[in-house]
Amino acid sequence: MRTPLVAGNWKMNGSRDANRALLSSLKDRLGAIQGVDVAVCPPAVYLPEIAESLSGSAIAVGAQDCSDEASGAFTGELAGSMLAEVGCRYVIVGHSERRERQNESSAWVASKFVAAQAAGLTPILCVGEQKADRESGRTELVVSEQLDAVLDAAGVEAFDRAVIAYEPVWAIGTGLTATPEQAQEVHAFIRNRVAGRDPRVAAELRILYGGSMKADNAAGLLALDDIDGGLIGGASLDAEAFTAIVRAAGERVGA
Ligand code: PEP
């Protein structure tokens, strides 16, 4: 039985005041939510105070990126150990915005994944195809390349301590959501690919969907066999919408 995870990726949004208001509303609405793991991933500069304000609550904290190095002369970067020290449990690696803007290759993402786990963090590994890839029938090829780079570098058993987020790039922040059938198809493909290395790891692996998941489309996506939660961008900044998605995940059947 896989416990669903709903993680909010706040991206480069927020301020001290806005964060306080959002978190206070989330704590009130979610209370002692059971049966769903919940996390928020704010901008790094706010992590220590947010981790402190959420300590003892049911909401975990994650970072949006980490270095592939443990320490040293890497100006502007943050080591996994630093993120863990200030209270992070999760870290997103390989988000498409970073693959694009920072030119993060799959090999680089794999190194970040390994470094994050070495620091005791649970990586949320993002994979997903561009619109042109889907239109030219290359979705599985692209996702395999991104996934295999990490499987090869970290080994399949590392996925006992990791989460995958399938995020079709064309659906991120666009309002275009993959249909439940499109999403389920790729989620099943990912699980089968991991199962090719180790069926037990694959059966226990949480695979989240990300890409314009909202209150009104979450239930349809989360009802499917291989969709174990969501990585939520825009809707995670709205306490009511995020809570509705968490509740939909709590009603998820199967797995
Ligand atoms: C994301 O960036 O991880 C994401 C899923 O964004 P949105 O929900 O806004 O599409």
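Only heavy atoms go into these numbers, but all of them, side chains included; no hydrogens, no water, no symmetry mates. In listed order, ligands and their atoms are each counted from 1.
The single protein non-hydrogen atom nearest to atom 2 (O) of ligand 1 is Lys11 NZ, 2.5 Å, given as residue, atom name and distance. Looking from atom 8 (O) of ligand 1 to the surrounding protein, the closest heavy atom is Gly233 N, 2.8 Å. Among all non-hydrogen protein atoms, the one lying nearest atom 1 (C) of ligand 1 is His95 NE2, 3.2 Å. Remark: minimum distance from atom 3 (O) of ligand 1 to any protein heavy atom is reached at Glu167 OE2, 2.7 Å.
Neither the backbone nor the side chain of Ala235 comes within contact range of ligand 1; no heavy atom lies under 4.0 Å. The part of Asn9 lying near ligand 1 is the side chain, judged by heavy-atom distances below 4.0 Å.
Residue Gly173 has at least one heavy-atom neighbour below 4.0 Å for each of these atoms of ligand 1: 7 (P), 9 (O), 10 (O). When each atom of ligand 1 is checked for a heavy atom of Ala171 under 4.0 Å away, the hits are 10 (O). Close approach of ligand 1 to Gly210 (heavy-atom distance below 4.0 Å) involves ligand atoms 5 (C). When each atom of ligand 1 is checked for a heavy atom of Gly211 under 4.0 Å away, the hits are 5 (C), 10 (O). Near Gly234, meaning under 4.0 Å from one of its heavy atoms, ligand 1 places the atoms 7 (P), 8 (O), 9 (O). Listed by atom number, the atoms of ligand 1 under 4.0 Å from Leu231 heavy atoms are 3 (O), 5 (C). Set against the non-hydrogen atoms of Ser212, the atoms of ligand 1 under 4.0 Å away are 7 (P), 8 (O), 10 (O).
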Pair up each side-chain donor or acceptor in residues 242-250 with any protein partner under 3.5 Å, not counting sequence neighbours, and list the distances.
| unit_1 | atom_1 | unit_2 | atom_2 | d |
| --- | --- | --- | --- | --- |
| Thr243 | OG1 | Ala239 | O | 2.5 |
| Arg247 | NH2 | Arg29 | O | 2.7 |

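At least one donor-acceptor pair closer than 3.5 Å links the side chain of Arg99 to the backbone N or O of Cys126. Ser212 places a side-chain N or O within 3.5 Å of a backbone atom of Ala171 that can act as its donor or acceptor partner.
Ligand 1 lies out of reach of Ser236, whose nearest heavy atom is not under 4.0 Å from it.
Between the side chains of Gln146 and Ser106, no donor-acceptor pair is found at a separation under 3.5 Å.
The pair Asp152-Arg197 meets the salt-bridge criterion, since a charged nitrogen lies less than 4.0 angstrom from a carboxylate oxygen. For Lys112 and Glu104, the salt-bridge test passes: some basic side-chain N is under 4.0 Å from an acidic carboxylate O.
Considering Glu100, Glu135, Arg138 as possible partners of Gln130, the one that fulfils the side chain to side chain donor-acceptor pair (under 3.5 Å) test is Glu100.
Atoms CG and OH, from Asp228 and Tyr209 in turn, are 15.0 Å apart once rounded to the nearest 0.5 Å.
One hydrophobic cluster holds both Val186 and Leu125 under the rule that ILVMFWY side chains link at heavy-atom gaps under 4.5 Å.
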